[in-house]
2 protein chains.
Amino acid sequence: MGLAERKEREKNELRELILLKAKEIISKEGQDKLSIRRIATEIEYSPATIYLYFQDKDEILYQMMDKGFEILAHQMQDVYLETSALRRLFLIGQSYIRFGIENQDWYTLMFNSASPMNHIERCKSEWGHGIAIFEYLVSTCREALAEAKRTGIDERILALQMWSTVHGLVSLSNTQRLTIVDGNCTTGMDCPLIDLTLENMMFTLFNHKI
Amino acid sequence: MGLAERKEREKNELRELILLKAKEIISKEGQDKLSIRRIATEIEYSPATIYLYFQDKDEILYQMMDKGFEILAHQMQDVYLETSALRRLFLIGQSYIRFGIENQDWYTLMFNSASPMNHIERCKSEWGHGIAIFEYLVSTCREALAEAKRTGIDERILALQMWSTVHGLVSLSNTQRLTIVDGNCTTGMDCPLIDLTLENMMFTLFNHKI
DNA sequence: CAAAAATAATGAACAGTGTTTATTAAATCA
DNA sequence: TGATTTAATAAACACTGTTCATTATTTTTG
């Protein structure tokens, strides 16, 4: 009775093929080149077939968001090696920003786009990776507050403040708002303004120069 | 020779009519209901006609961004009445966030969307209102730093940090990221988490409770 | 005033998009 | 083999932005 199993496996394989192609298209040509029809022609199936494996485009984008979190996790690997919570917080911020600027399409999908969240709401799915990253930030904030001997600050609020700041930086940078406000800030990475702001954030929050 | 003038005026009138309808559609039904064809049918002209008055949709969105800044300026009126720079900074943040959450479509156009910026780059136009608002923030930061007797902080970096934080909050809130990270934070306005974060920002930056 | 030139507006097409449904082809079951 | 279930698709629907040749309309000129 291995027939049903093979069938199941083949179904999963096509599903994965769709997601693979989707990831490929986003990586090579960006979000707005990703279309159902484009995926279909690339995997040599009809567009309608895709709807046998995903209920709509939002579901595919939701899955793509997860692929993005995999990339982010990979790029954050060595952050965990840092023992000082203060310096770790700084490194988290730095690699978060770096990721957001170097992988604009993935970043948008994960933190700035409505579609994947629509799927979550509609299907009562979860934003698991997002929550996990935030909780890690919260606990690192708690450690850092202790390390800097700073009291009277809620670690959860602090985490949200830090997240908002770096997210804001990435978002403003990616949508060309920084380039215009400050000419020194050339498009893309190595914008001195962003580094200075991150350092300033650490300084104002913990009275510690990193 | 008032003929050429009347012609000119009529051209401007149709141009303004297009922008007016665009604004109406965004206000009533949101950004993604705004289409060239929709505007065309509403003003009872053919879609092609619109291209005699605007070079593409990006230019219309650029103009819409400006309309958005008008709304923001209007909602920020009474902020300037506050004499304390510290409290003024807080009020700026508060009304910025309020505006961003209550006018999601306008906010996205102004601070989170690529299209209007494309037009700026392509046509060497200016993001005048955006720069003006940022410069006002910078000078208020300078005042506030003096008021709080805080030294060793660059007012420009500080302004960017504050902008990033509030922009981040609005952006995360509008794209449903906060609702999920914290259940207490119901969608839309009066999210206690946002208020607390804004207060925490003021406290960490100036050691002053507002 | 009539003919010519300039201007304004449009119909129709191009090249896309997401999604649905009735139909056909293939594989499995009895 | 024939019936039934499953998988895939062609075709259509309702949209999108944009372009261009063609048709009114208006203005200018002889």
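So you know, we letter chains A, B, ... as the sequences are listed, proteins then strands, and number each from 1.
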**Student:** To the nearest angstrom, how far is B:Arg38 atom CZ from D:dC15 atom P?
**Tutor:** 11 Å
**Student:** Taking atom P of C:dA8 as reference, at what distance in whole Å does atom CD1 of B:Ile18 sit?
**Tutor:** 13 Å
**Student:** Would you indicate whether A:Arg38, at its atom CZ, is surrounded by more than 12 heavy atoms from other residues, nucleotides or ligands within a distance under 6.0 Å?
**Tutor:** yes
**Student:** What's the angle between the local helix axes at either end of the helix from C:dC1-D:dG30 to C:dA30-D:dT1, using five pairs per end and rounding to 10 degrees?
**Tutor:** 30°
**Student:** Could you state the CD1-P distance from A:Ile60 to C:dT17, rounded to the nearest angstrom?
**Tutor:** 13 Å
**Student:** I'd like to know if B:Glu135 and B:Arg156 make a salt bridge, using a cut-off of under 4.0 Å between side-chain N and carboxylate O.
**Tutor:** yes
**Student:** Could you check B:Ala48 against B:Lys11 and say which one's nearest nucleotide on DNA chain C is further toward the 5' end?
**Tutor:** B:Lys11
**Student:** Please work out if B:Tyr53 contacts a base, only the sugar-phosphate, or nothing of the nucleic acid, heavy-atom cut-off 4.0 Å.
**Tutor:** sugar-phosphate
**Student:** Step through the shown structure and confirm whether more than 12 heavy atoms of other residues, nucleotides or ligands are within 6.0 Å of CZ on B:Arg15.
**Tutor:** yes
**Student:** Write down the atom of A:Glu155, the atom of A:Cys141, and the distance for their closest heavy-atom approach.
**Tutor:** O-CB, 3.9 Å
**Student:** Measure the distance from NZ on B:Lys57 to C1' on C:dT17 and round it to the nearest whole Å.
**Tutor:** 13 Å
**Student:** Does A:Ser35 reach a base, just sugar-phosphate, or nothing at all? Heavy atoms under 4.0 Å.
**Tutor:** sugar-phosphate
**Student:** Within this structure, what is the OH-to-P distance between A:Tyr51 and D:dT9, rounded to whole angstrom?
**Tutor:** 15 Å
**Student:** Mind running side-chain contact (heavy atoms from CB on, under 4.5 Å) on A:Ser95 and A:Gln75 for me, showing each step along the way?
**Tutor:** CA-CA 7 Å; A:Ser95 38; A:Gln75 290 195 11; 5.9 Å; no
**Student:** Specify the separation, in whole Å, of atom CD1 of A:Ile39 and atom P of C:dT19.
**Tutor:** 11 Å
**Student:** Using 4.0 Å as the upper bound for N to carboxylate O, is an ion pair formed by A:Asp56 and A:Arg122?
**Tutor:** yes
**Student:** Let me know the distance between CD1 of A:Ile36 and P of C:dT20, rounded to the nearest Å.
**Tutor:** 11 Å
**Student:** Looking at the base of C:dG18, is there any donor atom on it, or on the side chain of A:Arg37, that sits under 3.5 Å from an acceptor on the other one?
**Tutor:** yes
**Student:** My understanding is that only residues two or more places apart in sequence, or in another chain, count here; which of them pass side-chain contact (heavy atoms from CB on, under 4.5 Å) with B:Lys11?
**Tutor:** B:Tyr53
**Student:** For DNA chain D, whose closest nucleotide is more 5', that of A:Glu44 or that of B:Leu34?
**Tutor:** A:Glu44
**Student:** State whether A:Ser46 places a side-chain N or O below 4.0 Å from either non-bridging phosphate oxygen (OP1 or OP2) of D:dA10.
**Tutor:** no
**Student:** In whole angstrom, what separates B:Phe54's CZ from D:dG17's P?
**Tutor:** 14 Å
